[in-house]
Amino acid sequence: MNIVLELKRGISAELYKYRRTFVLWLLVLAPAFVPIINFIILFKKGDQIIKEGQNAWEVLLGNTIQPGNFLFPFFVMVIALFVNSVEHNSNTWKLIYTQPISRLATFISKMKVYVLMVLFSLMLFAFFSLMVGYLLKVTSPELGFDQAFDKSLIFQACFKIFLASLGYASLQFALSQKSKNLMLSMGIGIAGVISVMILMNGWEYADYHPYGYHIFALRDLGEDFNIWSNMTTVYRSLIVALVVFGLSGWDMVRKRIV
Amino acid sequence: MSKPIIEIQGLDFYFKEFKALDQVNLTVPTGSIYGFLGPNGAGKTTTIRILLDLFHSKNQQIKIFGKNLLSHRGEVLGSIGALIENPSIYKHLSGRQNLEVIRKMVGVPKSRIDEVLKIVRLVDNADKKAKNYSLGMCQRLGLAAALLTDPELLILDEPTNGLDPSGIIEMRELIINLNKEHGKTIFLSSHILSEIEKLATDVAIIDQGKILYEGKLEGLQEKGKGYQLTVELDQVDEAAKIVRGLNFTVSETNSRTLVIPIEAKTDIPKINKAIVDQDIDVYQLKSSDEDLESIFLNITKKLDQ
């Protein structure tokens, strides 16, 4: 059996097993959280928040990306935990790894579904944020959401966040897969986020911290706000992801499955 | 003799320094119900995990269906159904959905799910959530999942473990049915001999990583031809010494009795006389045919002495 067919089977089984689970709701509800709050704030106090001469869409984008960037790693942690604990809790590692699909394909199936979940939620987040703008255009025309703005910027920014998040996302996935203990992956994840928050205020090597790549990725974009101008941390994130997913897969291929 | 479906030769396996399997040789005939017996921690589950490539053995001494396990992994696993220890079931899904997850991995037609549900008699409960299943139902669902690919070989690790008597009987009937009606070879591990006795055509006994017996069940019974003498007395330790002095083995002692396997009834007065001569009071002598249970205990205990 070739790897493409194995992956197709592995992924469709993987997607199926999340039926009627909390994670599917989380994938839809979590991205709605910040946009809903943004809508309420801008609807109530928009006239104070959006200053004269500012583009309303830019303000919305700022208010979307900043809290999103802070909250997103926690979301990734939960998803990583969930896709692995579904096997830990039901004792099914041995079940899926005794099927006639190569270990590598089974590993990649889970990894791919995880990465797609993260991407899906981010794109939904961008979509919801856009909807907030359009909704405000109707409900509060005075705020200025009729101004010209390249709406694709929201999607581009979220896609860049996705790429720059793959680094720590791979770490969270590997930790959650390796250990049943959720305190370990949660603890390391939270320590990662908090330490980067502290270190980014001065430590010169903070740029190398994998839990900060997505934040740094949208800094220093220059006057013309070109999302794709500064790619250093994106590349770093992709390298970390490649190495960590690679090691994690290698471990899964050779380890003893109990 | 039919050709073997599983052949293991000289298999060693280590957990760090600990030698879990020591030169294990097994030959499982096609079409048999093969009972793999041993006390807890003897190496049964380790052997089974190696057979399923959950643990990798370093050198390739395993052939299943005449093919090397490691070089034909996908092909071999595709023709094996396995049920390993405690059930592997997604509790948030129904029985049918659990089977659907596996069905998607193995790529058999959807209709196969109803067929296997019928075989394990779970049709009525198929749409209940698995978290509401009894242990017996979980085991049967596990078996249904193992049957999806219509495998030639079923590897079942302690399939009756933790089941109540009616669950055990149901599982036993199912196993016999799968062997007789569906022609499956069944490799079955257990630490309960009476279970294996009712099912198996062939047995292997493993203890501390070593195979102590392999062959037909009847062969094992013959091996144990002889009697078992139970002596009731007060000074057990002293009497045990005397009996060992006569070149008998003592298979069991407790506060008031000695158990001694003997070959002929003429040994009974010999033993009695030797004990009484030492002024030890004997309250009762009881001899019985050795049953499989005691043969098993004898075989696995001999190493300790």
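Chain naming here is simple, since letters A, B, ... match the order of the sequence lines and numbering starts at 1 in each. Computed from a prediction, not measured in an experiment: that's the story for all the values here.
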Would you say the side chain of [Y] lies within less than 4.5 Å of the side chain of [X], judging by non-hydrogen atoms?
X         : Y         : result
Pro87(B)  : Asn91(A)  : no
Gln97(B)  : Arg20(A)  : yes
Phe22(A)  : His92(B)  : no
Arg49(B)  : Val258(A) : yes
Arg256(A) : Leu54(B)  : no

Over 12 foreign heavy atoms within 6.0 Å of [atom1], [X]:
X         : atom1 : result
Phe155(A) : CZ    : yes
Lys63(B)  : NZ    : no
Tyr208(A) : OH    : no
Tyr235(A) : OH    : no
Lys151(A) : NZ    : yes
Lys112(A) : NZ    : no
Gln66(A)  : CD    : no

Interchain contact, [X] with chain B, by part (heavy-atom threshold 4.5 Å):
X         : value
Ile96(A)  : both
Lys8(A)   : neither
Ser12(A)  : both
Thr106(A) : side chain

[X] versus [Y], closest heavy-atom pair with distance:
X         : Y         : result
Tyr90(B)  : Thr92(A)  : CE2-OG1, 3.4 Å
Met105(B) : Ile101(A) : O-CD1, 3.2 Å
Gly74(B)  : Pro100(A) : O-CB, 3.3 Å

Given that the side chain runs from C-beta out, which part of [X] has a heavy atom under 4.5 Å from chain A: side chain, backbone, both or neither?
X         : result
Ile102(B) : side chain
Leu52(B)  : both
Lys129(B) : side chain

Return the [atom1] to [atom2] distance between [X] and [Y], rounded to the nearest 0.5 Å.
X        : Y        : atom1 : atom2 : answer
Ser90(A) : Leu93(B) : OG    : CG    : 8.5 Å
Asn98(B) : Lys17(A) : CG    : NZ    : 10.5 Å
Ile48(B) : Thr98(A) : CD1   : OG1   : 12.0 Å

Checklist entry - Side chains of Lys104(B) and Tyr16(A): donor-acceptor distance under 3.5 Å anywhere? => result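 Note: Lys104(B) and Tyr16(A) side chains miss the donor-acceptor criterion.
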Checklist entry - Do you see a donor-acceptor pair shorter than 3.5 Å between the side chains of Asn86(B) and Lys94(A)? => result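 Side chains of Asn86(B) and Lys94(A): pair found under 3.5 Å.
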Item to check | Contact winner vs chain A - Gly107(B), Gly142(B), Ala130(B), heavy-atom pairs under 4.5 Å | outcome: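 Sorted descending by pairs with chain A, the first entry is Gly107(B).
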